[in-house]
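In what follows, a single structure is set out as structure tokens and then discussed.
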Amino acid sequence: MVTLTFPLSRIEGHAQVVIEVEGGKVLSARFQATEVRGFQHFVQGVPAEQMPVIVPRICGVCSTAHHLASVNALENAYGVTPPPLAVKIRELLLLGQLIQNQATSLFIFTMPDTLGVKGMFERLKDPDLERVRTSITGQALKVRKAGTHLISVAGGQFIHPVKAVVGGMTSGIAPEEVAVACAELATSLPLACDLFDSYWELLVSLKKRIDTWGDDAPAYYIAATAENQPDYGSNIIRLMDPDGIEGDHFTAHEFRDHLIYEETDYSFAGKTSYRGEVMRANSLARVNLVQRMGTPRADEYLDRFREAFGRPAHELLLYDLARGIELVYALERAMEILAEPLDKDDTAVPHTPRDGEGYGLVEAPRGPLIHHYRIENGLIAKAEFVIPTVHNVMAIERALRVAAERYITPEGVNMELEQAVGRVVRAFDPCIACATH
Amino acid sequence: MQRFAVLQLTGCAGCEVSLLNAEEWVDQHELVYMPLVTSAYSIPEVDLLLVTGSVQTDEDLYKLRRAVRRAKKVVAVGTCAISGGVLNLGDRDEIRELFFAEESRYHLPKLLPRCRPIDTVVSVDQYLPGCPPTPELFMALLFDPPDFKIAQTVCEECDRKKHKKMRPAHLIGFQHGTVLPDICLINQGYLCIGVSTRGGCRALCTRAGQPCVGCRGASNAFIEKGSKKWFATIQRIFSKMTDIPAHEIEAALRSPQLSLFLSQFSDYASKEPQPRLKAKVL
Ligand code: SF4
Ligand code: SF4
């Protein structure tokens, strides 16, 4: 038996892929998360009210989602409903994170695969390619920065936000800040569309070269979103079956009746299935699940996407196009919200902490994220983090196996396998810091 | 032009995300290794090595030892690398037990008995504290601009005004609805430790209405001293400005949220104290 190990890069965190082969036959393909911190252990005994400041450190990429899931869990435990203005500002926070994440994932993590370079910061000898590289990188960094700035404006801190508190937000957003954020989003939107257009073209040429949009069988799709259009603060998790029929839906505290979690002995991350079936979360799931995006430019892209690939779309590389659609949506939607008054006083309602259980749900860039706390004497007695990347692990491994079978034959291993492994994993944009927490 | 590398140990990648926000280095420095954004699997010779995250596994230890040999200058970036950061919450015996219960995993890096700051393993030329350090601080690190100035403390960078007559009798928790604008958070009964936290973040949190939890670590007045001295100073400030009983402050100062960052004091963080020289801290 031969064991092939592929280190991974251009994803968040430390992981590798291990493929076992015997006589040209693929025996197994595994996705191993190789780092762990153990948040579920070390937050035991922490005063519950401190969680929203501690848990963003689970991940610097998805920190906003953890901040909000944590506040939601406490509000659920205390029986508090935040006022509408706070809900709106929290939506802005999630949009800021989506802009930052999708821009980074598309134009920094996966763009190099379409250009055939190691990374967007690598200096190239070929002057033409170098010009393309520097211009894409410059624009990409601007777009993602518009996202982080939006997080700062709405959340007070640019990476580990602080302004969401139990009962609401510590304050609204002043008109001067709104103006700055709006201007930045307005200049970023055409940049993002340009980048996305070139991405789409490059992806089409990549498809021609490798002769596939990414193999693998259809799957279930899971996302916490509204039916008609995206809602990243939705309190319902929805599923679509492989034929595109929307079926099951449930709230955060019912998740155990629908999702099955299992530990593995080869990775610090476990895996979840939808009642034993492979499911997929992240951009493609959301774009499959919603009717429309609901903003003009994003809907144009969605039409083009559905015309070409149908609904539900299943091929792996389409995750990236779905990311682009969401990036455009998030920029447009954030500007819509910023056009409303956000500096009124009623940003929070009073509350009385109490012991009990709380579930908090948000749709993070990688899918539905649940924080579940049990609070005793004001302290965390038990914390559980249900992580979107973990929902994708089975799908990742199945797709890796398909890729391995494509490139490994009794005659030998096609060198394209290494690239393919990277492409499969990056399609899901996994986040290892979150997955193992 | 400097060639630099970023070695990410066990951390959250927030430090890397902040570095990407400090985009101006892109044309002027060459980033040759940072797995988050490039497919390069070993560190070449570099002028500058930024290390983020803490030493949590045997693999971290190995990578760190190897990497520093190829670097002219080593910088510990972020609270995790400097003190272990948020991971210090796990340094309670009963919690560590839970970790080791998971340890038997096959083919995975082994967890070390405790998570460690990087300067307990290799020598560090400079420290850049913050969780994460802001893009402005990254720029200062990479370019060392002559006009770059930071205030001694967060308090001096915060615009909130202190009021003699507003004397709270008790602390209120961290998670409290609305916060009054423009008024010092201590006057409002929050445990804000910006008074003795190193400046440089431009008082990000306090401006947003969240008390400073000290992620930049101690100001120069305390950094070479122990945490006791620093505790005493915070106590003194609170007794001057508020009527909050001393024992309440004492207990709150030892709460987990602050202990994340308190651990930047070598006597608090580690059994092998190594005072960090203020000249080395940005
Ligand atoms: S110092 Fe803070 S931002 Fe940096 S890796 Fe550690 S937890 Fe993340
Ligand atoms: S205000 Fe305090 S906690 Fe916030 S960034 Fe500055 S030093 Fe860190």
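Each chain gets a letter, A, B and so on, in the order its sequence line appears, and its residues count up from 1. Only heavy atoms go into these numbers, but all of them, side chains included; no hydrogens, no water, no symmetry mates.
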Identify, with sequence neighbours excluded, every residue that meets salt bridge (Lys or Arg N to Asp or Glu O under 4.0 Å) alongside Asp182(B).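 In terms of salt bridge (Lys or Arg N to Asp or Glu O under 4.0 Å), with neighbours along the sequence ignored, Asp182(B) is linked to no residue.
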What part of [X] gets within 4.5 angstrom of chain B, counting heavy atoms only: side chain, backbone, both, or neither?
X: Pro7(A); answer: both
X: Ala86(A); answer: neither
X: Ile432(A); answer: neither

Could you measure the distance from the [atom1] atom of [X] to the [atom2] atom of [Y]? Nearest 0.5 Å is fine.
X: Glu59(B); Y: His14(A); atom1: CD; atom2: NE2; result: 7.5 Å
X: Ser152(A); Y: Leu204(B); atom1: OG; atom2: CG; result: 7.0 Å
X: Glu418(A); Y: Ser39(B); atom1: CD; atom2: OG; result: 8.5 Å

Do you know which of [options] has the most heavy-atom pairs with chain A at a distance under 4.5 angstrom?
options: Leu20(B), Leu36(B), Val32(B), Val26(B); answer: Leu36(B)
options: Cys15(B), Gly209(B), Pro135(B), Cys201(B); answer: Pro135(B)
options: Asn21(B), Asp27(B), Leu9(B), Thr10(B); answer: Asn21(B)
options: Ala40(B), Cys12(B), Gly14(B); answer: Cys12(B)

Shortest non-hydrogen contact between [X] and [Y], atoms and distance:
X: Val17(B); Y: Arg144(A); result: CG1-NH2, 3.3 Å
X: Ser18(B); Y: Ile159(A); result: N-CD1, 3.4 Å
X: Ala13(B); Y: Glu12(A); result: CB-OE2, 3.1 Å
X: Tyr41(B); Y: Ser9(A); result: OH-OG, 3.0 Å
X: Glu35(A); Y: Gly11(B); result: OE1-O, 4.0 Å
X: Ala208(B); Y: Thr170(A); result: O-OG1, 3.2 Å

Using side-chain heavy atoms (C-beta onward) and a distance below 4.5 Å, is [X] in contact with [Y]?
X: Gln210(B); Y: Lys163(A); answer: no
X: Gln157(A); Y: Arg207(B); answer: no
X: Glu122(A); Y: Glu30(B); answer: no
X: Pro132(B); Y: His160(A); answer: yes

Interchain contact, Thr134(B) with chain A, by part (heavy-atom threshold 4.5 Å):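 When you check distances to chain A, atoms from both the backbone and side chain of Thr134(B) fall under 4.5 Å.
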Checking Asp60(B) against chain A: side chain, backbone, both or neither under 4.5 Å from a heavy atom?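 Interface part for Asp60(B): neither.
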Got a sec, which pairs hit ring-ring contact (aromatic ring centres under 6.0 Å, His included) with one end in residues 1-33 of chain B, sequence neighbours left out?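 Applying ring-ring contact (aromatic ring centres under 6.0 Å, His included) to every pair that reaches into residues 1-33 of chain B, excluding sequence neighbours, yields Phe121(A)-Trp25(B), Phe4(B)-Trp25(B), His29(B)-Phe143(B).
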In terms of heavy-atom pairs under 4.5 Å with chain B, which of Cys59(A), Ala33(A), Gly119(A) leads?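 Looking at each of Cys59(A), Ala33(A), Gly119(A) in turn, Cys59(A) comes out on top.
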Is it true that atom CZ of Arg123(A) has more than 12 heavy atoms of other residues, nucleotides or ligands lying nearer than 6.0 Å?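 Enclosed.
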Verify, without hydrogens or angle tests, whether Gln56(B) (side chain) and Val36(A) (backbone) share a donor-acceptor contact under 3.5 angstrom.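 Side chain of Gln56(B) to backbone of Val36(A): a pair is present.
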